[in-house]
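This report concerns only the one structure given below.
All values reported here derive from a predicted model rather than from experimental measurement. Heavy-atom basis, side chains included; hydrogens, waters and symmetry copies ignored.
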Amino acid sequence: MKEFEVFTLSATHRMDDNGLWTLVGEEGIDVTDLQQNFGLTVAEAGNYRFWVSDADTRAARLAIVRTGPILQKATVLQLTRVLERCRGFMEVSARFPLKVPHNWTPFIQDDLVAFYAAGRNVFVSNPRWIAKYHPSDVVYFWSLYPGEETHRQLLEHQSIDETAIQTVRTMWPQVHAAATAQFAVNAPAAPSGSGAIVLEVLPRSYHAFQTYSQWMEPGQLSDRQRDFVLYGSSESIPVKGPAGSGKTLVLELKALHDTLDLLGRKGNPRVLYATHNWSMALQVDEDLRVLDEGLGSTDFITVAPLTSVIAEIRPVSPGVEILGEDGEEGLFYQIIKLEEVLTEFLDSKFVQFKFEATKSLVELVASSTGQTPESETFRRDLLGEFTTVMGGADIQIGPDDRRKYLEQHRLPQWLELPTAIDRELVYEIYSMFLQALQEEGLLTVDQFMSSSLRWFSGYEWGPLRRTKGYDLIYVDELHLFNQQERAVLNFLGRDARQNPRIYMSLDPMQSPTGRYGNFVEDRTLGGASSGVVLNEVFRYSPQILAFVKHLTQRYPTENLGARFDVDVSHAMSRSEDGPLPEILDCRRSATSVLDVCFDLAFNSTDPRLRVGVAVIDQLQADEYIGSAQRRQSKRNISTIKNREDLAVITKSRKGLVISHAEHLAGLQFDEVIIAGLGNAGDLVHFQKFIIFLSHMYLAASRAEKRLRIVLNSGEDGMPEVLQTALDNHLATRTDL
Amino acid sequence: MPAPGDSLRQGDVVQADRPADEGLSDLYFIATGDCDVANDKHFGKLLALPLVPLADYYLRFRVPKLLTELRVGKNGLEDQSVFVLNEALRLAGENALPYKDGLAWMERSGPATICEHLRPQVGPDSLKQFGQLEQRLICMCTALNSFPSNGSIAAAATFVKQAKDAVGERLKNGPKAYFEKDLQNFLKSSPKDIFLLSEISLDHDPGFVVALRFPEQINSADISLDDSTSSRRLRRISRIVYPYSTGILHQFANLFTTVGFPDEQKDSLTIAAELIVQAWEWEDAPS
């Protein structure tokens with residue numbers, strides 16, 4: 001490893017997509033192999049090593065990583081995680097103003113930024129980068145600090161030696177010229193056979209470059225969309241519609257329109273556009289900048305996940321950290337934490353309950369650390385109990401809390417715990433879970449929201465409202481917010497005397513994180529009208545829409561009340577006709593579903609198409625992603641395997657995206673290939689069936705023109721919902 | 001006994017006109033200095049130390065401590081019962097339970113039910129051992145359940161007997177001898193927060209404890225020094241004379257001045273002792 005490792009942005013994509021970060025820690029790299037297989041090369045000069053891709057121009061964005069002792073001693077995993085985050089920072093720092101994912105805990109001071117170099121538990125010392133950045137210049141990862149000073153203290157006395165930046169600027173033209181010459185000599189042979197198509201980096205989808213004025217021209221929006229954007233309301237309005245009906249777009253247009261309107265009447269409006277996660281926030285922010293066409297209204301719109309907005313208004317105390325930055329990530333981390341607690345519980349305390357608790361509960365607990373659908377569902381149910389029942393009644397681990405929980409009147413929709421011993425058992429797990437969080441100084445997003453709700457209801461928020469509250473609130477994907485998050489929205493208005501005006505988009509069928517099944521109507525959001533229904537689908541063809549409608553026919557969703565219902569059956573497609581969705585059955589083929597899937601993806605009829613591979617079964621997602629990384633060579637392939645990837649990926653940067661279906665929300669593709677459906681026999685379990693349908697819906701509604709589903713009915717069976725689609729001629733079937 | 005009308009002095013014993021079991025005691029030792037009493041420098045408030053009959057004090061303070069020690073102390077009944085439970089769990093192929101969980105389970109389900117659950121998991125070779133553990137566990141839990149909720153000596157004796165039987169330390173001469181021996185030990189090495197008196201007046205049974213940790217204030221105006229002022233709430237009944245009165249006051253002063261010392265004082269002295277020993281010349285001394 002050199003003292004200065006220099007990367008172009010394009011090279012970081014190649015390295016990330018191909019899992020090549022470990023090369024940074026190696027000596028004697030086979031440059032020919034690197035060039036021919038990955039379109040990458042390295043150039044060394046003294047303490048500097050440049051990583052360049054064949055797509056780089058002289059104007060390429062560069063980052064210098066000053067390695068230092070921590071990276072030089074890092075394990076392969078640690079090195080990879082740090083460099084992945086460096087790549088992420090290169091991406092986000094190219095946009096202005098700088099918005100770094102909240103969970104990196106960034107602190108920005110002028111052109112310096114401090115943030116955690118990797119996720120939790122990667123390093124014992126949890127080091128932080130001090131980086132110097134400029135949207136259009138070299139990013140310099142100056143130093144990794146393991147200390148415990150605050151970010152502010154770290155940055156206060158930083159004096160960055162910029163010699164390296166000057167050196168890299170001077171060397172770069174020469175390095176680039178040499179690399180270009182090298183690539184010309186070692187150009188790879190013409191692609192042949194399966195998996196050898198080069199997918200181009202495509203421009204953003206057609207509408208992404210349209211501005212507000214262009215959208216408002218006649219014929220661009222439907223009448224209903226246009227009316228929603230232009231006309232105000234005295235009450236909150238939900239915008240409802242199936243995936244692809246343009247909810248996000250009209251909400252963005254509405255935010256811009258209203259902000260401009262407010263600017264004309266009011267000096268300093270405060271507008272909030274709340275999302276469910278950072279990925280979506282960054283996307284919306286980018287969209288608004290394009291739509292804004294220099295009108296300047298975006299300066300008054302805060303785009304951020306709701307959790308971050310609340311944490312900004314009411315920061316958590318020093319020594320306490322929120323586990324996850326939003327409901328989705330929070331749930332992910334909570335499940336990991338719960339698995340640890342359950343393992344400990346089974347080892348130590350379970351015996352005192354297992355003979356006396358209800359047999360079905362005992363069986364669920366005994367297998368609760370497994371990866372079966374039942375255990376996954378049970379873990380989510382337990383977290384639901386912790387949040388809804390314990391959190392709702394403010395039950396913690398105080399002296400009277402156990403009794404309070406045991407004596408609580410239970411509602412039918414809660415976890416079924418018929419005996420006192422059952423409840424004792426669950427309380428024991430809960431208290432271990434809470435203790436584990438407290439020992440690590442962690443607060444779950446739900447706990448944070450619960451305590452925030454109490455805080456907002458108190459007197460302290462009153463005087464702050466005028467300066468920290470919002471005139472207008474826009475909420476994207478309301479279906480992804482839980483009840484407490486939705487309740488917090490009621491308090492964010494600037495005027496305490498009335499409910500804030502909230503415009504929100506929602507499609508409960510896109511809620512894949514297991515919050516469905518709350519059959520009691522949620523009346524959390526006050527003052528909302530029956531809303532606007534967008535029933536014209538712009539994204540996908542009538543054939544795909546018909547298939548999506550079929551999927552949703554038996555789809556129970558969280559009950560947000562009649563005002564929030566979405567009736568897909570009346571949706572119409574405004575796109576051109578396309579082929580019927582195809583079900584490709586490998587039952588007679590010697591080739592596996594995975595191979596067929598990648599063969600289709602890599603040999604797409606038109607290499608310029610944007611293709612998404614959606615893996616339905618989470619347990620198979622890693623296998624698909626790993627396989628894709630091993631197969632690919634010089635291709636623009638993006639894999640989404642975790643939140644880090646999701647935080648920096650943009651809507652249409654990549655030609656081919658491979659991911660678990662859950663991560664594809666918000667993305668769209670010309671063609672979607674669905675694979676890794678899991679075993680159809682598992683779908684007899686209600687919760688598993690719902691998750692399957694939700695992921696199918698998400699995946700299918702990402703496709704604009706073509707949808708293909710690869711399965712092996714001989715091995716995994718044919719899901720009934722697909723069989724009925726075939727019976728109703730909503731899809732075709734081909735036996736391979 | 002001071003003569004009627006004799007002025008109030010340090011060391012006088014006064015008796016309150018109320019039932020003896022209301023409060024710690026109805027008898028007080030006047031601790032305010034003679035000079036202050038004589039010159040009325042106490043502003044009408046006198047410092048008084050309760051005088052508690054030894055039998056009451058022993059039952060009220062010493063016995064509960066003794067029983068609690070038997071129950072929750074190191075190697076006490078609870079400790080040992082969880083140990084036995086975990087042995088039974090081990091024979092059944094289960095992991096040991098943390099202390100509190102083991103106790104909670106035994107309290108909730110009882111040892112017989114627990115053993116009934118576990119027995120099917122025990123291998124045939126270990127069944128005999130398991131049976132012995134079960135018996136011990138039942139004895140221990142029975143003893144734990146007999147932990148007295150009142151201060152009677154009979155209840156205390158029952159618990160002590162059962163607890164000792166359960167942990168295999170059978171009492172040789174019965175609980176009466178056990179408590180007699182403990183009372184003797186208590187008198188021999190009495191704690192520093194009491195002062196023992198053999199008697200306080202001819203009208204009272206022998207054996208009293210001055211409870212130094214519970215000083216009270218009483219109004220001097222409430223004290224009657226002879227029978228003529230019988231409407232007063234307190235009546236002088238005797239006087240503790242030198243050297244006993246001085247002994248009580250010295251011990252009282254010692255108790256509270258020690259309480260006020262910072263811990264560093266002890267630490268510093270320990271360090272000083274080490275330094276002194278190190279500084280001595282040890283070369284010619286045998287190792």
Side-chain angles (χ1 to χ4, degrees), chain A residues 339-370 382 395-408 417-439, chain B residues 68 71-72 77-124 126-127 129-138 140-142 144-145 147 149:
Chain A
E339 278 177 8
E340 290 170 15
V341 166
L342 284 167
T343 305
E344 194 191 331
F345 176 77
L346 289 173
D347 272 354
S348 62
K349 299 192 172 191
F350 182 44
V351 66
Q352 60 181 305
F353 301 103
K354 73 177 187 181
F355 301 107
E356 293 156 25
T358 307
K359 197 180 168 200
S360 56
L361 178 67
V362 168
E363 284 170 0
L364 279 171
V365 175
S367 59
S368 61
T369 53
L382 271 182
I395 291 169
Q396 298 184 33
I397 45 176
D400 287 333
D401 286 331
R402 178 188 293 270
R403 183 188 49 77
K404 205 165 142 189
Y405 175 68
L406 296 179
E407 290 174 2
Q408 200 175 23
L417 303 171
T419 68
I421 298 282
D422 294 347
R423 296 193 284 279
E424 288 259 14
L425 183 158
V426 170
Y427 184 80
E428 198 57 53
I429 298 172
Y430 173 67
S431 63
M432 285 175 73
F433 179 71
L434 227 54
Q435 275 173 25
L437 291 173
Q438 286 173 2
E439 277 165 19
Chain B
T68 306
R71 178 180 179 137
V72 301
L77 198 52
E78 288 188 354
D79 243 9
Q80 297 210 35
S81 64
V82 175
F83 176 79
V84 173
L85 173 67
N86 281 334
E87 278 297 290
L89 284 169
R90 188 180 60 77
L91 292 181
E94 298 283 358
N95 289 334
L97 271 174
Y99 176 77
K100 278 187 178 171
D101 293 82
L103 282 179
W105 191 19
M106 286 189 282
E107 195 180 332
R108 196 175 62 229
S109 305
T113 309
I114 291 173
C115 291
E116 202 179 307
H117 292 319
L118 296 176
R119 195 176 296 106
Q121 295 180 202
V122 179
S126 308
L127 272 174
Q129 192 188 351
F130 184 81
Q132 289 166 345
L133 290 172
E134 182 178 0
Q135 284 311 310
R136 282 185 67 191
L137 205 55
I138 290 171
M140 286 172 168
C141 288
T142 310
L144 282 171
N145 290 336
F147 190 78
S149 55

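Residues F353(A) and D422(A) have side chains not in contact (no heavy-atom distance under 4.5 Å, counting atoms from C-beta outward). The closest side-chain heavy-atom distance from S348(A) to N95(B) is not below 4.5 Å.
A donor atom on one side chain and an acceptor atom on the other are found under 3.5 Å apart for W105(B) and E356(A).
For the options M106(B), R108(B), E116(B), heavy-atom pairs under 4.5 Å to chain A are most numerous at R108(B).
Using a 4.5 Å cut-off between heavy atoms, A96(B) touches chain A through its backbone atoms (N, CA, C, O) alone. Neither the backbone nor the side chain of L85(B) has a heavy atom closer than 4.5 Å to any heavy atom of chain A.
Considering M432(A), R402(A), Q438(A) in turn, Q438(A) is the only one that fulfils the side chain to side chain contact (heavy atoms under 4.5 Å, CB included) rule with I397(A).
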